[in-house]
Each structure stands twice: as C-alpha cells, then as structure tokens.
Protein chains: 2
Amino acid sequence: MSRNEPEPTLNDDAARAGWLYYVGGLTQDQIATEIGVSRQRAQRLVSRAMAEGLIHVRLNHPIGACLDLEAELTARFGLMRCRVVPGLGPGSDGVRATAPAAAAELERFLRMPEPLVIALGTGRAMRGMVDAVTPMDADQHRLVSLIGNIAPDGSASFFDVVMRIADKVRAPHYPMPVPVISPTPAENAAFHALGPVKKVVDLARAADVIFVGVGQMSNDAPLLKDGFVTRLELDEMQEAGAVGEVAGWVFDSRGIYLDVGTNIRTGGVRVAPGLDRPSIGIAAGASKVPAIAGALRARIINGLVTDEPTARALLNRL
Amino acid sequence: MSRNEPEPTLNDDAARAGWLYYVGGLTQDQIATEIGVSRQRAQRLVSRAMAEGLIHVRLNHPIGACLDLEAELTARFGLMRCRVVPGLGPGSDGVRATAPAAAAELERFLRMPEPLVIALGTGRAMRGMVDAVTPMDADQHRLVSLIGNIAPDGSASFFDVVMRIADKVRAPHYPMPVPVISPTPAENAAFHALGPVKKVVDLARAADVIFVGVGQMSNDAPLLKDGFVTRLELDEMQEAGAVGEVAGWVFDSRGIYLDVGTNIRTGGVRVAPGLDRPSIGIAAGASKVPAIAGALRARIINGLVTDEPTARALLNRL
DNA sequence: TCGCTTGCTGAGTAAATGCTCACAAAACGG
DNA sequence: CCGTTTTGTGAGCATTTACTCAGCAAGCGA
C-alpha cells in the first residue's frame, strides 16, 4: 500500500531534514547527527526540502494594510474574491509572493464536496500556484484547460499546468488538443470543428470557476518571450491598443477583446466578460498593472490575487 | 471592516517580516531596510512571527517510514484514522511534533459543510493542536468540552482550549460548567443534576467526532503536575493498575476504566469505549506508550496522531 | 519629584548557515 | 574496457543569524 521503493530513502530524507529544521527548530548539526550524515549534507537536504516544495510556508495573520487594499479593490471593481499579499521587495518577482495565496484560493474550491468544473489557463503564475498546492484527493472535480496544448515549437513545458495539478489532486483533466495559436484562421476553425475538441470547449465554457494569469502586452509580453507571437504581430496589436491578455486572448485598456493580430487565430476558449461564476486572476508586477486594470474593468476576471505594490498601483490609476 | 487600530502597526510588522523572510527568502538586513527598522529589530520580528504562530510550516511529503507505521498501526488496532509524523529527536517534546498534523486532522472536520458536534478534551497536546489551527469560518459546527472547567485552584489556563478554537473558527462553544474533579461523589452528582449541565453532557455524548489527549499515570502524570490529583490519590490508582487517562478518566493497561480514586468524582463526560464515530487521540512520548496502548486496545480512541518513536514503541509491545 | 521596576533597544560577538571549490564515485558513451 | 560527463561529497570560509549584555525610556509607587 505504501511505496514501491523497498525501504531506504530518496528525498524522504530531505523531507525529514526539513521537518526537523523548520518544525523542530533543530540546528543543522543536530539534524546531521540525527539522520547520521555530515553537516553539509544536512544543509543540502534542508535547502532541497525547500526547493522541492516539500515544506510549505503560509502566512497566518491578516496584515492590516493588505486587508484594507483588499476591501478597496473589492469595492472599486465589484470583485467576488480578492487576496492581497505583502510584496517581497523591489527586485523580487510577483509569482513567488502570490503563489501560496493563489494555491489556498484554488484549494478552497478543490475541497468543495459537490463536483465542479475548474478551468485553468497557463503561464508562470499558474505554474507557481500549482506547485504550491498541497496534494489532496479531489477526484469529484474535473479540470479543463482553457488554452491549446500544441505549442509552435512543440515544447510542452507550459502545458503541464493542468496535468500537474490534476495529478496532484487525482482529478480527471481535459487538455485542449488544439494549437495555442494557429497559422491561419482556417486551420484554427478546422481544429475547432473536430468532435473531441468541441467537447472540451463546451466543458470549458461551462466551467464553474476559472483561474487565469494575466499577461501584459508591453515589450516584455510573455506571449512574445514564449514565442507565441512574433515581434511584428506584437507591434500590430500594440498599435491597435492591446494592453493585456488572458489565456492568449488580447484586449485593450477597457478590457475589450481586439479583432486583430493573433486574436483571429487563437485556439481554445475565450473567457467571457461579466460571468456570474468566479473568474479569478492571479497576477502581480508593475508591468502588468494596465493589463490587470483592463481585465478587471470589463470583468473578464471578477476575482484577484495580487501583491501589495500591484494593488496600490491599481488603485492609484483612477 | 478591517481593524480597530487606526492604521499603524502591531505585530503586523512581525507577520510582514516573517513573510519576507520565509516566503521571500530575504535576509534580515534586507528586511530591516524594507520595513525601515534596525537589523536586530528585524531579527526580533522574524522570530516573533514564528513564536506567535503567525507563520505556519507544514510538511508536504509522505515519508515512507511514517506511512508504513501508519499502515501497521491502523491494521493492528483497527483505526479509523492514523497520522505518524517524524520525531524531533531525543530531547524534544511530542506536542511540538504532533501539533501541525493534529491541526490538519481537526481542520478536515471543520471544513465539512454539514454541521458537526466536535468534542474536545484538554491538555498540552490539545493546546498545541489548537494553536496550530488556521483561522477559518466554521460556524456550522458546535464545539463542546468533555471536561469540567472549574479547576481546584480556580485557574482557568487549561480550559481555554475550547474557547480558543471556538474563537478562531467563529463557532459556538459549550464549556462544561462543573469541577474537573469534585471533592465528593455527592457534590459531583449534584452538579450533574443541574439542567444546564445535563444539556452540555448530552451534547458531548452525541458528539460526531472527539479529539482528546492521552495522559500517563506514571509518576510524571499530567493530572498530578497540574494539581488535579494528589500524590496519595495517584498512588492509590497506580496500585489499582492505572496506566492512563483520557479527559480525566483513568483506565488500566487494558483500557478498562477503574472505579477507584478520583474516577468516582470526575466531572464531565467519559469517552465510551468502542464508539462508531471518530475518537481521535493526540499523544506522543515514551512515557505515554502504555497509556496510549490501553486506550487503543479498549477503543476509547479509534484514531491516533503520534510521532515516529512513539509509533514504533506501540508496535513493539505485543 | 525621586527612585524603582519593566520592557525595549542597539552593539558586539559566538554560533550557525550557505556558498565555493576541488575531488571522487557513478553513470554514460564510445 | 576506458575516457568523459554527471552527480554527489566534504572542507574551508564569508555571510548571516541569534544571543547576551548594558543602557535608556516609560510606567509606577511612594
């Protein structure tokens, strides 16, 4: 029942070392003695436990300033859910900060006993969230991807988000078997005419709750960096007013989806504005502020997990 | 909506510092700069965040050895639930190790949507568990104490367990308004004849799930240390074969409740052996092994949260 | 008002941590 | 079977952390 590995250990040791260090408060020297290894092996085990995410750290105190920001954002944009976490200082990235809170938000839904259809986007924020989720049994739910799983270069590194989370919580999952962005509108249409694709699309459209990242369309656009759009396409869309993107679908500063550039060839499901079901965006970072503001304004997302500086920036731009 | 304190800060700062340190991985120097305090103030804030339980650390990896022990214990004693956590080394106490796992176990029930009656004992293990619980809304449940809340010396320090947890999860709670142990059987009976007491007793008897610590009756018995029984009473009960105690009720090595000593004057509700509902013991430590074994044998508890060395010791005594 | 206690602060320092490096064992490829 | 690459190990050392201690300010009783 327990394991395949006979008895010894793998990064079981790492978990144990991390436990002794963070929960037990032992020194690494004591841990070394305890497990019977050298001091610096203990140090490696401890840092490994952290790196591998074997140890989860969560904040358990409502910091006043963050609560205030949550309340303001909720009021300002009529949100269904809002979490603001303290920022991690100037240099640090927003994913790290938001991941634990986003995971907690996702877990809320996973723990619900009635079966849900949960739709997910991709991107770094999603990936961070998934990594921070605690494994659990949630096979009553179905997890569906909003975005195609066929990349231009064939790499699948970005599409294991849904697979990973499905694996972690033992839920069935439905990838979207279309290209993220097809070369031509016709080819995209051809894919979406296929029966199996239609099924997944229908499922995603009917999702009870949606989790997505929000991408900026400035020159550091994730779509560009990951090779989904070319520099020329980006220029064209910027010209047309593009400021952000959700699940690959590009919109302007009011959150209105554009009809130019890759938008006419994007596969998968577009998140409809003004849904009555939760559509939660996970996003933080100064460069994402206009994008997030647009998505919130049009109610492409009606829930938000972000960090403190981003929250302030959102509120400061009347 | 948010806080009473106007805007500044209290140990909000501690939470923030802890967040930056544990989640953000900043050095204490950077944190000092970030919040604008001296380096050693930052260090104090960080350690305070830990001490106050503002930061929760949980292990997220099934350590093979512990899983095996869980399986063995479950089979051996026919348990409904079993968690074994790695020990924290020789010197360290069991409460520290078991508290996070016990809290997770309790939270499982708290998250259930249907209203439950949850009965709780007292003691250090319970206290540790409660401190480790994440605040949440669980007002569908009722929390009831198994044990009287009138101490011999009037101190109430041990009885705030139910109150604390009720406060944390915003659930109604029902303390047991009787002495833990009355001077005479008659006085105890008099208390229990009172209408309000009967109500609470009935509620506790009908509990859907029970959480208790397990006390040893050796010379380091918690009942003795906390002044609930005298040295003479302890001697008398040891003579009669007492090895352990659950919610103040003393039993022998087979888990059979005794009819001597304080047992004839103990207030509150005795956990009935062989319940079909979960009755979960939280206990770890070498000196508790005979007590735990007795409670398990008679099925006073049918669930267990303990640590690795205790689990081994339990299995080694055929 | 004065002296006392209490609690917090910062400086200095011992301890603990994590990083780099050179080396060895194991895995891999020919 | 041998050379090459990869992975892991321990030692030394720079950095970071935690502890102790003396001083200082606020609160309190006289």
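The sequence lines fix the lettering, A, B, ..., with proteins before strands; numbering per chain opens at 1. All values below come from the heavy atoms of this structure, side chains included, with hydrogens, waters and symmetry mates left out. Not measured: the values here are computed from a predicted model.
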remark   = By nearest-nucleotide position on DNA chain C, the 5'-leaning member of V37(B) and Q40(A) is V37(B)
key: Pairing residues for D139(A) by the side chain to side chain contact (heavy atoms under 4.5 Å, CB included) criterion, not counting sequence neighbours   = none
task = Can you pull out how bent the helix from dT1(C)-dA30(D) to dG30(C)-dC1(D) is, comparing the axes over its first five and last five pairs, to 10°?
result = 30°
ask   = Is there a side-chain polar atom (N or O) of S47(B) under 4.0 Å from OP1 or OP2 of dA18(D)?
value = no
Name each donor-acceptor pair under 3.5 Å that joins a side chain in residues 163-171 of chain A to protein atoms two or more places apart or in another chain, with its distance.
{"from": "K168(A)", "atom 1": "NZ", "to": "V130(A)", "atom 2": "O", "distance (Å)": "3.0"}
{"from": "K168(A)", "atom 1": "NZ", "to": "D131(A)", "atom 2": "O", "distance (Å)": "2.9"}
{"from": "K168(A)", "atom 1": "NZ", "to": "V133(A)", "atom 2": "O", "distance (Å)": "3.0"}

remark   = note: L26(B), atom CG; dT16(D), atom P; distance rounded to Å ~ 12 Å
Under 3.5 Å, N/O pairs linking protein and nucleotides 20-23 of chain D:
none

message = Going by the rule side-chain hydrogen bond (donor to acceptor under 3.5 Å, both in side chains), which residues pair with D29(A) if we only count those two or more places apart in sequence or in a different chain?
response = none
query = With sequence neighbours left out, what residues match P222(A) under side chain to side chain contact (heavy atoms under 4.5 Å, CB included)?
reply = R124(A), Q216(A), D226(A), K288(A)
Atom of I55(A), atom of L59(B) and distance for their closest heavy-atom approach = CD1-CD1, 3.7 Å
inquiry  = I want to check something: taking the side chain as every heavy atom from C-beta on, are I282(B) and F211(B) in contact at a cut-off of under 4.5 Å?
reply    = yes
inquiry  = According to side chain to side chain contact (heavy atoms under 4.5 Å, CB included), who are the partners of A132(A), at least two apart in sequence or on a separate chain?
reply    = A99(A), A103(A)
Rounded distance (Å) that lies between atom P of dT15(D) and atom CZ of R39(B) = 14 Å
key: Leading and trailing nucleotides of DNA chain C with any atom under 4.0 Å from heavy atoms of chain A   = dA16(C) to dT20(C)
query = Can you name the salt bridge (Lys or Arg N to Asp or Glu O under 4.0 Å) partners of R58(A), sequence neighbours left out?
reply = E107(A)
Length of the line joining Q28(A):CD and dT16(D):P, which is rounded to integer Å = 16 Å
message = Run the side-chain hydrogen bond (donor to acceptor under 3.5 Å, both in side chains) test against T33(B) and tell me which residues pass, sequence neighbours left out.
response = none
ask   = Any side-chain N or O of S38(A) under 4.0 Å from OP1/OP2 of dG10(D)?
value = yes
task = Could you list the residues that satisfy side-chain hydrogen bond (donor to acceptor under 3.5 Å, both in side chains) with T310(B), not counting sequence neighbours?
result = D307(B)
inquiry  = Using whole Å, what does the distance between atom P of nucleotide dT9(D) and atom CD of Q43(A) come to?
reply    = 13 Å
query = Taking only residues two or more places apart in sequence or in another chain, which ones pass side chain to side chain contact (heavy atoms under 4.5 Å, CB included) with E70(A)?
reply = L67(A), C82(A), R83(A), V84(A)
task = Please state how far atom CD in Q30(B) lies from atom C1' in dT15(D), giving the value in whole angstrom units.
result = 12 Å
message = Please report the distance, rounded to the nearest Å, between CZ in R41(B) and C1' in dT17(D).
response = 17 Å
